[in-house]
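Atoms within a ligand are numbered from 1 in the order they appear, just like the ligands themselves. It should be emphasised that the depicted structure is a prediction, and the values quoted were computed from it without experimental measurement. All values below were derived from every heavy atom in this structure, side-chain atoms included, with hydrogens, water molecules and symmetry-related copies excluded.
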Amino acid sequence: MYRTLPPSDTMGGGMGSWRGRVYDYLRSKIEKGEKLYFILIDPEKSVDIDNCIRLIEELVPMGLDAVLIGGSLSVTSYDVDVILEKLSRVDVPKILFPGSVAGISKNADAVLFISLLNSVDPYYIVGAQMSAAPIIRKFGLEAIPTAYIIVGYGGAAGFVGSARPVPLDKPEIAAAYALAAKYMGMKVVYLEAGSGAPRHIPGAFVKTVRKAVGEDVMIIVGGGIRSGEAAKEVLENGADAVVTGTLFEEDPSKCKEIASVVKALVR
Ligand code: 1GP
């Protein structure tokens with residue numbers, strides 16, 4: 001049903017080459033039994049972007065599957081464009097992970113079209129999306145319908161998004177949100193502990209959510225993942241993809257460890 005080869009042979013490398021095909025490409029890998037690894041670049045953080053690009057170039061052959069770009073605070077499309085331009089030489093899908101309408105750029109390959117389901121403010125559930133949708137259409141961006149569920153610590157995403165984080169000992173609440181997302185037609189569920197979370201979402205929590213949604217919803221888990229062991233725990237319990245942001249900024253060599261752990265896991 002899905003294409004199983006990366007599209008680089010037909011579309012060439014560089015900016016825009018993955019446009020319109022990102023979800024199907026990632027889904028095809030999942031269908032083959034692969035697990036996925038994403039890096040998050042938050043333009044707000046004072047990272048050495050040239051160094052980041054070099055690291056990403058090293059990580060792609062090791063199995064890095066996508067780069068997410070976004071953050072909860074003070075991110076503009078200009079900041080995002082600077083990163084996208086530098087990333088254009090790297091043949092990997094570049095996906096926007098916007099904290100607001102300001103984080104949308106026409107130069108990305110796709111956007112996680114996020115609804116923060118457990119926000120108490122309708123703006124973060126559907127208001128920002130209403131503002132962003134015409135812009136996304138104008139830019140011709142692939143929108144990947146994504147349920148964003150904040151868990152535990154929550155971090156800046158939880159605070160800014162007025163979330164009521166799901167307690168870590170109540171995975172059935174996240175499972176109910178995820179099932180609601182599936183019934184509303186969303187293709188991806190992103191379980192977010194918050195960037196820099198003191199602990200990642202436990203495997204048992206992920207397992208409960210996976211059991212509720214079945215196999216056809218892509219589950220991404222992020223926040224507080226700092227080791228191959230943590231990535232393995234989350235992936236072996238039903239996540240399709242893990243995201244690391246802080247680790248990439250603070251200890252990139254650990255990202256290589258995570259990439260090799262992720263790629264060793266095949267269902
Ligand atoms: C944040 O899930 C991501 O949105 C990544 O979190 O920075 O803790 O890796 P970390």
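One side chain, Glu192 or Tyr148, offers a donor N or O that lies under 3.5 Å from an acceptor on the other. Under 3.5 Å, the side chains of Ser253 and Asp251 contain a donor-acceptor pair of N or O atoms.
Comment: Arg89 engages Glu57 in a salt bridge, judged by a side-chain N to carboxylate O separation of less than 4.0 angstrom.
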List, pair by pair, the atoms of ligand 1 and of the protein that are both N or O and lie under 3.5 Å apart, giving the separation rounded to 0.1 Å.
residue: ligand 1; atom: 2 (O); partner: Tyr190; partner atom: OH; Å: 3.0
residue: ligand 1; atom: 2 (O); partner: Glu192; partner atom: OE1; Å: 3.2
residue: ligand 1; atom: 2 (O); partner: Glu192; partner atom: OE2; Å: 2.9
residue: ligand 1; atom: 2 (O); partner: Gly223; partner atom: N; Å: 3.1
residue: ligand 1; atom: 4 (O); partner: Glu192; partner atom: OE1; Å: 2.4
residue: ligand 1; atom: 6 (O); partner: Gly223; partner atom: N; Å: 3.3
residue: ligand 1; atom: 7 (O); partner: Ser195; partner atom: OG; Å: 2.6
residue: ligand 1; atom: 7 (O); partner: Thr246; partner atom: N; Å: 2.8
residue: ligand 1; atom: 7 (O); partner: Thr246; partner atom: OG1; Å: 2.5
residue: ligand 1; atom: 8 (O); partner: Gly196; partner atom: N; Å: 2.7
residue: ligand 1; atom: 8 (O); partner: Gly224; partner atom: N; Å: 2.8
residue: ligand 1; atom: 9 (O); partner: Gly245; partner atom: N; Å: 2.8
residue: ligand 1; atom: 9 (O); partner: Thr246; partner atom: N; Å: 3.4

Show your reasoning for whether side chain to side chain contact (heavy atoms under 4.5 Å, CB included) applies to Arg19 and Glu142. CA-CA 7 Å; Arg19 289 190 78 138; Glu142 176 186 353; over 6 Å; no
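Between Ile219 and the choices Val242, Leu191, Val188, Val234, the side-chain contact (heavy atoms from CB on, under 4.5 Å) rule is met once, by Leu191.
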Show me, pair by pair, the donor-acceptor contacts under 3.5 angstrom made by side chains of residues 162-175, not counting sequence neighbours?
none

